[in-house]
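These numbers come from the heavy atoms of this one structure, side chains and all, not from hydrogens, waters or symmetry mates. Below, chain A is the first sequence line, B the second, and so on; all start at residue 1.
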Protein chains: 2
Amino acid sequence: MDDIDQHIVSCLVVDGRASFREIGEIVGLSAPAVKRRVDRLQASGVISSFTARLDQGALGWNTQAFVNVTFRNNVSPARMQEALAPIPEVVAAYTVSGDSDLVVHIRASNMQHFEQALERLRALDSVDRTESTIVLSTLIDRPSPVDRH
Amino acid sequence: MDDIDQHIVSCLVVDGRASFREIGEIVGLSAPAVKRRVDRLQASGVISSFTARLDQGALGWNTQAFVNVTFRNNVSPARMQEALAPIPEVVAAYTVSGDSDLVVHIRASNMQHFEQALERLRALDSVDRTESTIVLSTLIDRPSPVDRH
DNA sequence: GATGAAACACTCACTGT
DNA sequence: ACAGTGAGTGTTTCATC
């Protein structure tokens, strides 16, 4: 992972469908050389996948919330992940330090739909309390930077 | 935005670099027909961009937190967005209903780096109080579903 | 890492429905 | 309005140096 790799990755974050030749021109490499590096970056897991970013508002998923979950007893992160993965409305989940044990980011089409998803959450074993923070609007939502730090 | 569009979009979420011919085979269309639809989906904003998803842990950005921000006075979302955009550590920001006014998702390379970013946040005009929730581990982080709801 | 060549994909204008 | 076809161009992907 040298400077050129970093440059290639930042190109692909900006445009995930950029051609290898195009990237090569920017970073000063031939297309096959870029391909080999991208293949290596994917194999090593630095690039986990390529995806289309959607404007969720543009197709109906207008309701989102952060749900702080508190457990009754100790639950392993692995078991919690298993339990959350089947709920499609859960787009992200993090174990956290602080008042609650888990922060779950939920996306739904509307409040009724959100309530359904929340009920599925609350029905999970060991869930003691949930506290929802409804999102009013998304100000920023972007990939994290690749830059050196 | 019919069923075929939805199918195409879900293909592109799974693999953002899939070829139009490949997608066409799955959804039962020719490559040019798929391209025309993808172009239209981008123009209409349903697909906002294509990007590489990175494993942030794999290159050093191991610290993340949710910061609940409370304002002293009323601040317009637009002005808040302007103020937050230049801070690279801010990967997401939402106005919310509840105890605080804003939830800011911050990613940094370590605690010291996070503290720097937090100080930049706290230095913004009209920021009254911040309350940070440190993320211990990421259980789930995935694109939201495209399915009908 | 570069080059060259073959296979493949993209993209256009055009045609048909 | 939308899908398919065909042709020209550009891109990917090898093997080789």
Side-chain angles (χ1 to χ4, degrees), chain A residues 1-62 109 142-149, chain B residues 1-61 142-149:
Chain A
M1 186 77 192
D2 58 9
D3 290 346
I4 296 178
D5 281 341
Q6 218 154 17
H7 202 167
I8 290 174
V9 166
S10 64
C11 287
L12 284 171
V13 167
V14 171
D15 179 6
R17 284 182 79 90
S19 76
F20 296 144
R21 195 197 55 80
E22 196 177 344
I23 297 169
E25 263 183 26
I26 296 171
V27 307
L29 246 52
S30 68
V34 173
K35 180 200 183 327
R36 277 194 294 262
R37 280 170 179 262
V38 172
D39 286 348
R40 193 164 47 73
L41 288 164
Q42 279 191 273
S44 69
V46 173
I47 297 175
S48 55
S49 66
F50 292 97
T51 187
R53 286 176 67 81
L54 306 181
D55 179 356
Q56 298 297 141
L59 222 248
W61 294 68
N62 293 307
S109 50
R142 61 186 177 196
S144 12
V146 194
D147 318 7
R148 207 172 279 314
H149 37 264
Chain B
M1 187 78 190
D2 57 9
D3 290 347
I4 296 178
D5 281 341
Q6 219 154 15
H7 202 167
I8 290 173
V9 165
S10 64
C11 287
L12 285 170
V13 167
V14 171
D15 179 6
R17 283 182 79 90
S19 75
F20 296 145
R21 197 195 54 81
E22 197 176 344
I23 297 169
E25 264 183 25
I26 296 170
V27 307
L29 245 53
S30 68
V34 173
K35 180 200 182 326
R36 280 191 291 259
R37 281 170 178 263
V38 172
D39 286 348
R40 194 164 47 73
L41 288 164
Q42 280 191 271
S44 69
V46 173
I47 297 175
S48 56
S49 66
F50 292 97
T51 187
R53 286 175 68 83
L54 306 182
D55 179 356
Q56 298 296 141
L59 221 245
W61 294 69
R142 61 186 176 197
S144 12
V146 195
D147 319 5
R148 206 172 281 314
H149 37 265

Test item: A:Ser48 side-chain N/O and B:Arg53 main-chain N/O as donor-acceptor pair under 3.5 Å: yes
Just how far, in rounded Å, is P of C:dT11 from CD1 of B:Ile23? 12 Å
Sorted by chain and number, sequence neighbours left out, side-chain hydrogen bond (donor to acceptor under 3.5 Å, both in side chains) with B:Asp39 holds for B:Lys35
If only side-chain N and O atoms of A:Lys35 are considered, is one of them under 4.0 Å from the OP1 or OP2 phosphate oxygen of D:dT13? yes
Starting at CG of B:Asp2 and ending at C1' of D:dA3, how long is that distance when rounded to a whole Å? 13 Å
Starting at atom CD of A:Glu22, determine the distance to atom P of C:dA9, rounded to an integer number of angstrom. 19 Å
Would you give a per-nucleotide map of nucleotides 2-8 of chain C, 5' to 3', where B means the base has a protein non-hydrogen atom under 4.0 Å away, S means only the sugar-phosphate does, and - means neither? BBB----
Work out which heavy atom in A:Ala52 is nearest to a heavy atom in B:Phe50; give both atom names and the distance. CB-CE2, 3.6 Å
Scan residues 39-53 of chain A against DNA chain C and write down, sorted by residue number, each residue with any heavy atom closer than 4.0 Å; if none is found, say none. none
When the rotation axes relating C1' atoms of four end pairs to the next four are compared across the helix from C:dG1-D:dC17 to C:dT17-D:dA1, five pairs an end, they differ to 10° by 30°
As an exercise, state the distance from CD1 of B:Ile47 to CG of A:Leu54, rounded to the nearest 0.5 Å. 6.5 Å
Donor-acceptor contact present, side-chain A:Arg17 to main-chain B:Ser49, <3.5 Å: no
Integer-rounded Å distance: D:dA1 P and B:Ile4 CD1: 18 Å
For residues 19-33 of chain A, which side-chain N or O atoms pair as donor and acceptor with protein atoms under 3.5 Å away, sequence neighbours left out?
residue : atom : partner : partner atom : Å
A:Ser19 : OG   : A:Glu22 : N            : 3.1
A:Arg21 : NH1  : A:Glu25 : OE2          : 2.7
A:Glu22 : OE1  : A:Ser19 : N            : 3.4

Taking every heavy atom of B:Gln56 against every heavy atom of A:Pro145, the minimum-distance pair comes out as NE2-O, 4.2 Å
Check for a donor-acceptor pair, side chain of B:Ser44 on one end and backbone N or O of B:Leu41 on the other, with a separation under 3.5 Å. yes
Taken in chain and number order and not counting sequence neighbours, the residues that satisfy side-chain hydrogen bond (donor to acceptor under 3.5 Å, both in side chains) with A:Arg37 are A:Asp2, A:Asp5
Rounded to whole angstrom units, what separation is found between the CZ atom of A:Phe20 and the C1' atom of D:dT13? 10 Å
Run the numbers on A:Val38 and A:Gln42 for side chain to side chain contact (heavy atoms under 4.5 Å, CB included), then give the verdict. CA-CA 6 Å; A:Val38 172; A:Gln42 279 191 273; 4.2 Å; yes
What are the two closest non-hydrogen atoms of A:Met1 and A:Val9, and how far apart are they? CE-CG2, 4.3 Å
